Amino acid sequence: MECPWVSIEKLPDWEGKEVELRGWLANRRSSGKVVFFVFRDGTGFAQITLSVGAFFDKETLKDLERLPLESALVVRGRVRKEERAPGGYELEGTQVKVVSVADEYPIQKKDHSVEFLMENRHLWLRSRRQNAILRIRNQVVMSIHEFLQGQGFTLIDSPILTPAACEGTTTLFGLDYFDLGKAYLSQSGQLYMEAACMAFGKVYCLAPAFRAEKSKTRRHLTEFWMLEPEMAFYDWQDNMRLQEELVSFIIQEVLRTKARELEILERDITPLKKIEPPFPRITYDEAIRLLQQKGLSVQWGDDFGGDEESIISQEFDRPVFIHHYPARVKAFYMQPDPENPQLVLNDDLIAPEGYGEIIGGSERIHDMHLLEERIAEHHLPREAFAWYLDLRRYGTCPHSGFGLGIERTVAWICGIHHIREAIPFPRQIYRLYP
RNA sequence: UCCUCGGUAGCUCAACGGUGGAGCAUCCGGCUGUUAACCGGAGGGUUGCAGGUUCGAAUCCUGCCCGGGGAGCCA
């Protein structure tokens with residue numbers, strides 16, 4: 001008889017039908033004559049009941065009850081609506097085929113330390129919670145592509161191996177590159193996106209970025225994913241409008257398509273529902289005054305740390321832009337404010353609820369001589385930037401772009417404490433395994 | 001890199017100078033609807049490593065190794 005292989009996600013559509021599930025034993029319980037399996041197949045979790053009777057004798061059931069957790073199984077049975085089953089539907093099993101018997105599974109139902117879970121990240125991914133987070137990450141990335149493609153952007157892949165730094169050289173991962181000396185893992189695709197936007201108009205890359213910062217905080221990874229759009233003829237205000245529209249679109253799409261995952265994570269979605277344009281905008285000067293009013297000892301010219309960002313974001317119910325920073329705390333390529341050259345035409349976007357900076361963006365310097373000066377002031381090797389200066393030589397124009405941190409964005413949407421859970425295999429200062 | 005906390009059974013922890021225990025997991029038994037099921041029994045240890053103090057060290061001291069939390073910096 002025909003018995004379709006179906007996914008747990010779609011189980012309610014098959015009520016009353018005989019189906020086949022293929023997956024893994026996530027948990028089991030027994031009550032004498034009935035064995036309960038909690039079964040997962042990657043799309044969800046479902047309860048399977050196996051009873052003594054027409055399909056199983058007492059001995060067979062006893063053996064099935066002893067199956068180790070995470071054994072791979074193919075189970076056939078009838079789909080039944082059942083209030084007592086988690087999820088409202090269960091499979092009344094008629095046949096169990098054991099594909100493989102697992103060794104004793106290290107991840108248990110009770111508590112584990114962070115160290116143990118990270119050491120077993122390859123297995124931890126199977127948990128409900130990690131599954132939900134990475135499904136939301138998938139949606140965030142898909143929504144980014146959908147939004148930008150809809151706005152006429154072209155995806156241009158940036159190189160991972162690069163000849164020089166675009167941020168500070170102290171945070172570069174270096175490696176030997178044949179006879180050409182040192183190469184470095186990319187910290188950002190931005191400079192290449194600037195070249196690409198002069199060829200395609202509006203472009204973006206979505207790529208890993210590597211920073212050898214010895215950071216040990218819940219907001220840092222040594223390898224993280226960054227979205228970097230770059231737009232020719234956009235000024236700093238066009239730039240911010242694009243950012244708020246993109247972020248709002250991502251949030252609304254996750255709310256629309258990933259309600260079940262947000263529920264698994266017990267995320268309060270009330271604050272997320274409020275995320276829509278326009279976002280509040282304050283200048284760096286206003287931010288400093290706000291912090292001083294709150295009694296912090298910050299001085300004009302200081303950059304903001306996590307605490308300062310949190311205090312500012314608490315004043316608003318959606319992400320907040322801070323723009324016009326002092327030039328000397330920001331990168332060399334940022335366009336000075338024509339009205340006050342001490343400031344740059346940049347913006348940082350601070351996520352609510354203490355999640356910190358998720359975007360850094362700016363209008364870029366498009367004047368060749370000014371850019372040459374900045375490269376010299378920052379003691380950057382001029383030869384390495386020859387091609388970058390060329391962009392100012394051949395049809396230069398105002399242009400802007402930004403970088404959005406994928407893991408920080410996912411962590412914020414999921415309401416999770418540490419960004420290491422927002423990436424499948426996190427790379428941190430003291431962790432390279434698995 | 002700095003500050004801070006920790007490393008004891010497979011896992012999470014207790015014992016804090018005097019014979020290393022518990023819960024979960026595992027194994028055996030029981031239970032006809034379980035929801036981290038429950039009930040009974042059993043096995044399981046060179047207390048991260050190396051030195052030192054002491055009659056005696058998981059416990060106190062020194063060094064090292066490995067992690068957790070935080071800072072600076074950033075997305």
Side-chain angles (χ1 to χ4, degrees), chain A residues 26-38 45-53 56 58 61-62 65-66 68-69 80 82-88 90 92 102-120 123 127-128 166-168 170-171 187-190 206-228 243 302-309 325 329-331 348-351 355-361 402-412 417-420 422-423 428-431 433:
Chain A
N27 195 8
R28 54 174 155 61
R29 298 178 276 272
S30 114
S31 179
K33 305 293 188 295
V34 188
V35 172
F36 299 90
F37 281 177
V38 178
F45 291 75
Q47 175 164 286
I48 296 171
T49 61
L50 308 167
S51 326
V52 171
F56 302 98
K58 207 176 169 194
L61 213 59
K62 198 77 201 168
E65 189 188 336
R66 275 194 274 258
L69 296 187
R80 183 164 65 182
E82 169 59 67
E83 273 181 20
R84 289 170 292 184
E90 67 179 17
E92 198 179 355
D103 283 355
E104 188 184 335
Y105 192 59
I107 296 185
Q108 312 281 343
K109 287 168 276 188
K110 298 259 177 173
D111 289 344
H112 289 293
S113 62
V114 171
E115 181 186 358
F116 183 79
L117 290 171
M118 293 306 294
E119 201 68 20
N120 289 284
L123 303 176
S127 79
R128 258 193 189 83
C166 68
E167 315 272 336
T170 53
T171 64
Q187 297 173 306
S188 161
Q190 182 200 313
L206 182 52
F210 305 88
R211 307 263 169 104
E213 290 163 355
K214 294 189 172 173
S215 304
K216 240 175 79 55
T217 82
R218 76 181 88 150
R219 303 193 316 281
H220 287 86
L221 298 167
T222 55
E223 176 182 312
F224 65 97
W225 285 70
M226 189 156 59
L227 166 73
E228 293 180 284
Q243 292 165 39
D302 293 347
D303 206 348
F304 301 134
D307 289 348
E308 286 87 1
E309 287 175 352
Y325 274 63
V329 300
K330 288 293 173 183
D348 282 357
L349 184 66
I350 313 298
Y355 281 93
E357 184 182 346
I358 54 170
I359 285 180
F402 62 93
L404 175 142
I406 300 297
E407 289 77 17
R408 287 188 184 178
T409 304
V410 172
W412 164 43
H417 178 253
H418 199 299
I419 66 168
R420 67 183 155 220
I423 187 168
Q428 296 172 275
I429 176 168
Y430 294 127
R431 180 158 298 283
Y433 177 94

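Chain letters run A, B, ... following the sequence lines, proteins first and then strands; every chain starts at 1. Computed over heavy atoms, backbone and side chain alike; hydrogens, waters and symmetry mates excluded. Computed from a prediction, not measured in an experiment: that's the story for all the values here.
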Which one is paired to [N], where only Watson-Crick or G-U wobble pairs with both distances under 3.5 angstrom count?
N	value
B/A22	B/U12
B/A58	none
B/G29	B/C39
B/C73	none
B/U46	none
B/G67	B/C5

Separation of [N] [atom2] from [X] [atom1] (nearest whole Å):
X	N	atom1	atom2	value
A/R219	B/A71	CZ	P	6 Å
A/R420	B/A75	CZ	C1'	18 Å
A/R211	B/C73	CZ	C1'	10 Å
A/F116	B/G48	CZ	P	18 Å
A/N27	B/U26	CG	P	9 Å
A/Y325	B/C73	OH	P	12 Å
A/H418	B/A75	NE2	P	18 Å
A/Q428	B/C74	CD	P	20 Å

Between the side-chain atoms of [X] and the base atoms of [N], is any donor-acceptor pair under 3.5 Å?
X	N	answer
A/H220	B/C74	yes
A/T217	B/C74	no
A/S215	B/C74	no
A/E92	B/G33	no
A/R29	B/C31	no
A/Q108	B/U12	no

Just to be sure I understand the rule, does [X] reach a base, reach only the sugar-phosphate, or reach nothing, if contact means heavy atoms closer than 4.0 Å?
X	result
A/P106	nothing
A/Q47	base
A/E119	nothing
A/F224	base
A/D303	sugar-phosphate
A/F36	base
A/E223	nothing
A/L221	base
A/E83	nothing

- On RNA chain B, check which nucleotide each of A/E309 and A/S113 is closest to and give me the residue with the more 5' one.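 Checking each residue's closest nucleotide, the 5'-ward one belongs to A/S113.
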
- Would you mind telling me which residue lines up with the more 5' stretch of RNA chain B, A/L349 or A/V38, judged by nearest nucleotide?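 Going by which nucleotide is closer to the 5' end, it is A/V38.
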
- Item | Euclidean distance, A/H418 NE2 relative to A/H220 NE2, rounded to 0.5 Å |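 Here the interatomic distance stands at 10.5 Å.
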
- Message: Checking A/R29 against A/Q47 for the side chain to side chain contact (heavy atoms under 4.5 Å, CB included) test, could you report, in this order, the C-alpha distance in whole Å, the side-chain angles of both residues, the deciding distance, and whether it holds?
- Response: CA-CA 10 Å; A/R29 298 178 276 272; A/Q47 175 164 286; 3.5 Å; yes

- Task: Please examine the side chains of A/S127 and A/I107, heavy atoms only from C-beta on, and report whether any two atoms are closer than 4.5 Å.
- Result: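 No, too far: nothing below the 4.5 Å cut-off.
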
- Could you walk me through whether A/V38 and A/F36 pass the side chain to side chain contact (heavy atoms under 4.5 Å, CB included) test, one step at a time? CA-CA 7 Å; A/V38 178; A/F36 299 90; over 6 Å; no

- Please assess A/N27 against A/F45 for the test side chain to side chain contact (heavy atoms under 4.5 Å, CB included), listing each intermediate value before the final yes or no. CA-CA 10 Å; A/N27 195 8; A/F45 291 75; over 6 Å; no

- Task: Output yes when at least one side-chain N/O atom of A/R66 is less than 4.0 Å from OP1 or OP2 of B/C28, else no.
- Result: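 So the side-chain polar atoms of A/R66 do come within 4.0 Å of the phosphate oxygens OP1 or OP2 of B/C28, strictly under.
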
- Task: Check whether any side-chain nitrogen or oxygen of A/K216 sits under 4.0 Å from OP1 or OP2 of B/G70, and answer yes or no.
- Result: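 So the side-chain polar atoms of A/K216 never come under 4.0 Å of the phosphate oxygens OP1 or OP2 of B/G70.
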
- Query: So, are A/E407 and A/R219 salt-bridged, with charged N and O less than 4.0 Å apart?
  - Reply: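 Judged by the 4.0 Å cut-off on N to carboxylate O distance, A/E407 and A/R219 do not form a salt bridge.
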
- Please assess A/R420 against A/R431 for the test side chain to side chain contact (heavy atoms under 4.5 Å, CB included), listing each intermediate value before the final yes or no. CA-CA 11 Å; A/R420 67 183 155 220; A/R431 180 158 298 283; over 6 Å; no

